[in-house]
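Presented below is the structure to which this report refers.
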Amino acid sequence: MKALKTITNGIFKENPTLRLVLGTCPTLAITTSTTNVLGMGVAATFVLVMSNMIISLLRKQIPDKVRIPAYITIIAGFVSIVEMIMKAFLPELDKALGIYIPLIVVNCIILVRAELFASKNNVFYSALDGIGMGLGFTLALLLIASFREILGNGTWFGMNVTRGAIDPAMIMILPPGGFIAFGTVVAIINKFSVVKVRKTGCAACTMGCPTNCSKEVEA
Amino acid sequence: MVEIIVLLMSAILVENFVLMQFLGICPFLGVSNKLSTAIGMSGAVIFVMTIASFFTKLVYDLLLVRFGLEYLKTIAFILVIAALVQFVEIILKRFIPPLYKALGIYLPIITTNCAVLGAALINIQREYSLLNSVVYGFGAGVGFMVAMVLFAGVRERLEHCDIPESFKGLPITMIAAALVSIGFFGFKGLGG
């Protein structure tokens, strides 16, 4: 029961993208097409699960003072593995995602989960938490990307879904469209849920925030 | 000389890190609600980005390429940046206290700022020379500042607006960012 709860926690209650507003950079940058999102989602989930497991195993060995650099090194190691695998087997996806694959290293979601969950729980639950968070991240990005790809290009996973019924609005797949889509999706979720997302960004930094950062907390 | 100016302008305006490439969004949303903090934060980013571009390029050319370890660049860069930020903090604290006072609190969170690592990776990807890397890093930092300062103004206005309940907070900030980003499209084509 607790196992199931750990997984669904990442998908709904603490959805990293839509509820905690972490890892906004890839959310905005690669949601231009749903295919990209799948690649990014699998890569990030792999890194999340593996780094959560290793950090959980080493949680008693890593001295408290150097834990953040240690976490970053572990995460960077797995990101490099993903990078090399992608280059070798999926060169086209690698080109489409570009520098956002190595930038998974600084994706706040992974560091935050290491700090808040993996460093306090055993391997089994840490792995489940990684899966849950990874799924939550992928689903949220898929939602935003569907919104952008259908409106901006008339396609979904490359299939023509609008059949020319509406003119594609180019702006949705350009950078401003990323901001519009993300903002609108969060607003729609706010409309239909009790807990409002008010936070802006800085829940992101695990290393202490400048002064008035976290003033706007969930209502 | 012309080449360097073009590179600088394109890093600041055409390829604006925040509004065009979505790098460094977290601090952009987190600390842009007051003009003074926006300037402090972006000052620290310019500073670290310029130095980090220089050192990551050096490490890549002198260590990684020489020993055929290019695939380790992600790990190497993040460690170089983390060490550099610590080092800069210590140096500033010891030798230039006023600057430390202004930038100090923003320095630690810059390590996990994807703009710094992003600049380092772009420099390598585009095979910039050492000088061009530093110019690009500096330009990207200035671009970050331009976006932060512009947006801080927009957000100070937003505070006094009557916004629909479900759009309050993050959503309206995003919509405003989209409008600023559309403005930056005007620079497309500048500098070829």
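Every chain is numbered from 1, with letters handed out A, B, ... down the list of sequences.
- A:Thr31 and A:Arg148 share a donor-acceptor pair across their side chains, judged by distance under 3.5 Å alone.
- Only the side chain of A:Ile171 comes within contact range of chain B, with at least one heavy atom under 4.5 Å from a heavy atom of that chain.
- In this structure, the portions of B:Leu19 lying under 4.5 Å from any heavy atom of chain A include both its backbone and its side chain.
- At a 4.5 Å heavy-atom cutoff, B:Ala82 makes no contact with chain A through either its backbone or its side chain.
- Only the backbone of B:Val18 has a heavy atom closer than 4.5 Å to any heavy atom of chain A.
- Counting only distance, with no hydrogens or angles, the side chain of A:Asn153 and the backbone of A:Thr155 share no donor-acceptor pair below 3.5 Å.
- Using a 4.0 Å cut-off between charged nitrogen and carboxylate oxygen, B:Arg126 and B:Glu15 count as a salt-bridge pair.
- If you measure heavy-atom distances from A:Phe192 to chain B, you find no contacts under 4.5 Å at all.
- Between B:Phe28 and the choices B:Phe144, B:Phe151, B:Phe22, the ring-ring contact (aromatic ring centres under 6.0 Å, His included) rule is met once, by B:Phe151.
- For B:Ile182, the parts sitting under 4.5 Å from any heavy atom of chain A are the backbone and the side chain alike.
- If you measure heavy-atom distances from B:Phe77 to chain A, you find no contacts under 4.5 Å at all.
- Of the possible donor and acceptor atoms, one in the side chain of A:Asn15 sits under 3.5 Å from a partner among the backbone N and O of A:Gly136.
- Side-chain atoms of A:Thr32 never come within 3.5 Å of backbone atoms of A:Ile173 as a donor-acceptor pair (strictly under, hydrogens ignored).
- Looking at B:Leu79, only its side chain comes within 4.5 Å of chain A, counting heavy atoms on both sides.
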